[in-house]
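The block underneath contains the structure these notes are about, expressed in structure tokens.
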Amino acid sequence: IEQISREIGRMVLNTRLYETERRLVAELQEIDRYKGELIATISHELKTPLTSIIGHTELLEELSTEVDSVQAISRNAQRLNRLIENLLNYSRIQDRREHARRAVDLTVLCENSLDLLAVQAEQGGLQVKLASPPSPVVVYGDPEELARVIDNILSNAVKYTPAGGRVDVAVSADGSWGEVACTDTGLGISVVDQSHLFSAFHRSSNPEALSIPGTGLGLAISRRITELHGGDILVESTLGEGSTFRVRLPLSDRPVGDWALEDR
Ligand code: ADP
């Protein structure tokens, strides 16, 4: 009887703990939803006046004799615009449920992204190479979101690598995983910073990296997107030497372009 009553006691305690845990999780989810809504609303409200400011600055750039000042206003307005875009993307990723998925070739995503970065890389004096297998490396997902991940990783490599450096992008397939590995000879990231790198708004603490404009949102968005696609992003880096970012996604056997509308 003693043993049975001990068992019952333990079961009651477990049920109570389970209930508390469930309530806490529900509360946290609610808080998270409010946070997402708040970010989305504020960003949206900021965007309207800023679009007007950018429009008028473009006009002033053509008319004004104070070219330097107008350009400074324009540069900073664009910067603010990018920050708001990132905030909006961040909150959209948090609550988008239904989206079109397609079979996408990772090599094509990298080629498109490197096309966009070609001028910036050349101006920065960087050597950029892409290595990929002859057959497509196909994953299944939202092409726009996946392109955002690849753009973010490759543009960071270009952004955080000083002149004379290299960026090597390698696409590969291994078992049931497709991978994009982006290796740069850039500033590198300390071990401490690596552990916070994928949290929203986190930027490396070294002054050289901080002097380069950024919002600290790109990697948080990228990891979230990759996880929603069943994959992950990994980083290996040595401060002062360079970094490798690996985006890993499950391979798909669908033909490239095949698509469906799905719920998350
Ligand atoms: P952002 O570049 O807008 O600040 P990210 O979330 O994309 O935001 O990156 C977060 C931080 O990680 C950056 O501020 C930078 O300090 C560091 N980082 C990202 N990629 C690299 C890289 N390839 N080399 C060195 N530092 C990097």
Side-chain angles (χ1 to χ4, degrees), residues 36 39 43 46 50 75-94 109-110 113-114 116-118 120-131 144-171 179-228 231-248:
I39 292 178
S43 317
L46 287 174
L50 188 60
R75 233 184 4 259
N76 283 295
Q78 296 290 357
R79 199 168 148 188
L80 201 54
N81 199 34
R82 276 197 300 276
L83 169 63
I84 295 172
E85 272 299 327
N86 273 335
L87 280 169
L88 278 171
N89 281 335
Y90 183 66
S91 53
R92 265 183 221 134
I93 304 293
Q94 301 283 320
L109 287 186
C110 290
S113 184
L114 289 178
L116 292 176
L117 288 166
Q120 197 185 335
E122 203 185 312
Q123 281 173 349
L126 302 180
Q127 245 201 314
V128 181
K129 287 252 161 61
L130 170 66
E144 256 181 59
E145 289 187 354
L146 291 177
R148 190 170 293 141
V149 174
I150 303 297
D151 284 349
N152 179 241
I153 300 296
L154 304 196
S155 67
N156 274 351
V158 169
K159 197 162 91 171
Y160 295 107
T161 303
R166 293 178 54 87
V167 174
D168 285 292
V169 183
V171 181
E179 183 181 278
V180 174
C182 176
T183 303
D184 64 59
T185 58
L187 303 180
I189 304 155
S190 73
V191 177
V192 175
D193 282 322
Q194 282 177 45
S195 58
H196 305 291
L197 212 57
F198 296 94
S199 310
F201 303 109
H202 184 85
R203 308 201 65 215
S204 292
S205 48
N206 59 313
E208 239 182 313
L210 278 178
S211 69
I212 299 166
T215 59
L217 275 173
L219 287 177
I221 293 174
S222 298
R223 172 165 274 177
R224 178 85 182 121
I225 293 175
T226 316
E227 282 176 355
L228 286 169
D232 201 3
I233 303 185
L234 312 166
V235 58
E236 299 144 33
S237 186
T238 308
L239 190 62
E241 288 185 16
S243 319
T244 297
F245 281 83
R246 289 175 201 283
V247 179
R248 291 170 59 76

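Ligands are counted one by one from 1 in listed order, and the atoms in each one are counted from 1 as well. Values reported hereafter were calculated over all heavy atoms of this structure, with side chains retained and with hydrogens, waters and symmetry mates removed.
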Can you tell me how the ring of Phe198 sits relative to the ring of Phe245, calling it parallel under 30°, perpendicular over 60° and tilted otherwise? perpendicular
Which residue and heavy atom of the protein sit nearest [atom], plus the separation:
{"atom": "atom 14 (O) of ligand 1", "value": "Arg203 NE, 3.0 Å"}
{"atom": "atom 12 (O) of ligand 1", "value": "Leu197 CD1, 3.2 Å"}
{"atom": "atom 3 (O) of ligand 1", "value": "Thr215 N, 2.8 Å"}
{"atom": "atom 11 (C) of ligand 1", "value": "His202 O, 3.8 Å"}
{"atom": "atom 26 (N) of ligand 1", "value": "Ile189 CG1, 3.4 Å"}
{"atom": "atom 5 (P) of ligand 1", "value": "Leu219 N, 3.6 Å"}
{"atom": "atom 2 (O) of ligand 1", "value": "Tyr160 OH, 2.8 Å"}
{"atom": "atom 7 (O) of ligand 1", "value": "Asn156 ND2, 2.8 Å"}

Quick one: does Phe198 get within less than 4.0 Å of ligand 1, heavy atoms only?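 Distance cut 4.0 Å: Phe198 fails for ligand 1.
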Is the backbone N or O of [Y] less than 3.5 Å from a side-chain atom of [X], with the two atoms forming a donor-acceptor pair by type?
{"X": "Asp184", "Y": "Val167", "value": "no"}
{"X": "Asp193", "Y": "Ser205", "value": "yes"}
{"X": "Glu241", "Y": "Gly188", "value": "no"}

Under 4.0 Å from any heavy atom of [X], which atoms of ligand 1 are there?
{"X": "Ser243", "answer": "24 (N)"}
{"X": "Leu217", "answer": "6 (O), 8 (O)"}
{"X": "Gly214", "answer": "1 (P), 3 (O), 4 (O)"}
{"X": "Lys159", "answer": "1 (P), 2 (O), 3 (O)"}

Can you tell me how far [atom2] of [Y] sits from [atom1] of [X], rounded to the nearest 0.5 angstrom?
{"X": "Leu87", "Y": "Arg82", "atom1": "CG", "atom2": "CZ", "answer": "13.5 Å"}
{"X": "Thr226", "Y": "Arg148", "atom1": "OG1", "atom2": "CZ", "answer": "12.0 Å"}
{"X": "His202", "Y": "Ser195", "atom1": "NE2", "atom2": "OG", "answer": "7.0 Å"}
{"X": "Ser113", "Y": "Asp151", "atom1": "OG", "atom2": "CG", "answer": "4.0 Å"}

Take a 6.0 Å sphere around CD of Gln78 and say whether it holds more than 12 heavy atoms from other residues, nucleotides or ligands. yes
For atom CD of Glu227, is the number of surrounding heavy atoms from other residues, nucleotides or ligands below 6.0 Å larger than 12? yes
Judging by distance only, is a nitrogen or oxygen of [X] under 3.5 angstrom from one on ligand 1?
{"X": "Asp184", "value": "yes"}
{"X": "Gly218", "value": "yes"}
{"X": "Gly216", "value": "yes"}

